[in-house]
Amino acid sequence: MGNKTNSIAIDGPAGAGKSTVAKRVAAELKFACVDSGAIYRTAALYFIEKYGDGAEKAIEDKALLKEELKKFAIDFKVDPALNFTVLLDSVDVSSKIRTQKVSNFVARVASNPEVREKVNERLRSFALKNKVVMDGRDIASCVLPDSRLKVFLTADAKIRARRRYDELVARGEAADLNDILAEVIKRDEMDEKRPVAPLVKTEDALLVDSSNMNAEEVIQHIVKLAKKEFEL
Ligand code: DC
């Protein structure tokens, strides 16, 4: 195991519960938790705030993007209580990145190889210095291929749609189960078929299918795997 990094990679499709699970697993093990999707969301927010309706065009303009990548300071911090926050020009934007506008634009930003390289450098440098649980789409395949433990967390698309529907209804928001399922299927396709860093289960990743498990069961299962792997 000589060259393995002290990281746990959790990859999987949207709505599999990665963020919740990653946060809780990290808290139980006293590892830092890094939500890589939040960093792409922060990049998306930067372009939306700066370019408004022209954000898509700005991303496609190679020269402009090169300049922007030098300029903007996207970063994150993990405080002593292990809370993760994303920062844009040193301001905490953790809530601002959860709007529908950002959700609609982020895939466009995350599919850009230059943006990915910048984000990945930051993620890797953090993981070299910290024990970390990192969740995303390409953590095991691309960002931290030397992770000591790799988990591919998934669930049936219909079940992921149902969970999202229940969440929205619980918040008192209007929701249509068929529409949500169609969105889930579309996002899966986009994640799996994109040319750069597609969502993929690496051979050495352990498959955890949460279709018939609740969050607590998934968390305890991964904690158990981690304790064995890290000899904790
Ligand atoms: O998990 P999420 O919805 O917060 O992710 C936001 C977007 O970023 C989504 O389009 C997938 C993408 N993403 C990625 O390309 N690579 C990662 N490691 C994490 C997220």
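First listed ligand is number 1; within each ligand, the first listed atom is number 1.
- Nearest non-hydrogen protein atom to atom 5 (O) of ligand 1 is Gly37 CA, 3.6 Å.
- For ligand 1, the atoms lying closer than 4.0 Å to a non-hydrogen atom of Ala107 are 10 (O).
- Tested against Val115, the residues Val196, Asn120, Ile74, Leu69 include a single side chain to side chain contact (heavy atoms under 4.5 Å, CB included) partner, Leu69.
- Polar contact with ligand 1: present for Arg194 (N/O pair, distance under 3.5 Å).
- Residues passing the side chain to side chain donor-acceptor pair (under 3.5 Å) test with Ser94 are Asp92, sequence neighbours excluded.
- When only interatomic distances are considered, the shortest N/O to N/O separation between Asp135 and ligand 1 does not fall below 3.5 Å.
- In the hydrophobic clustering, Val133 connects to Ile8, Ile10, Val21, Val25, Leu29, Phe31, Leu149, Val151, Leu153, Leu206, Val208, Met213, Val218, Ile219, Ile222, Val223, Leu225, Phe230, Leu232, either directly or through intervening members, whenever side-chain heavy atoms lie under 4.5 Å apart.
- If you check which protein heavy atom lies closest to atom 12 (C) of ligand 1, you get Ala110 CB, 3.8 Å.
- Protein heavy atom in closest approach to atom 4 (O) of ligand 1: Arg41 NE, 2.8 Å.
- Looking only at heavy atoms of the protein, atom 1 (O) of ligand 1 is closest to Arg137 NH1, 3.1 Å.
- Taking only nitrogen or oxygen atoms, main chain and side chain alike, Ser36 reaches within less than 3.5 Å of ligand 1.
- For atom 16 (N) of ligand 1, the nearest protein heavy atom (residue, atom name, distance) is Arg116 NH2, 2.9 Å.
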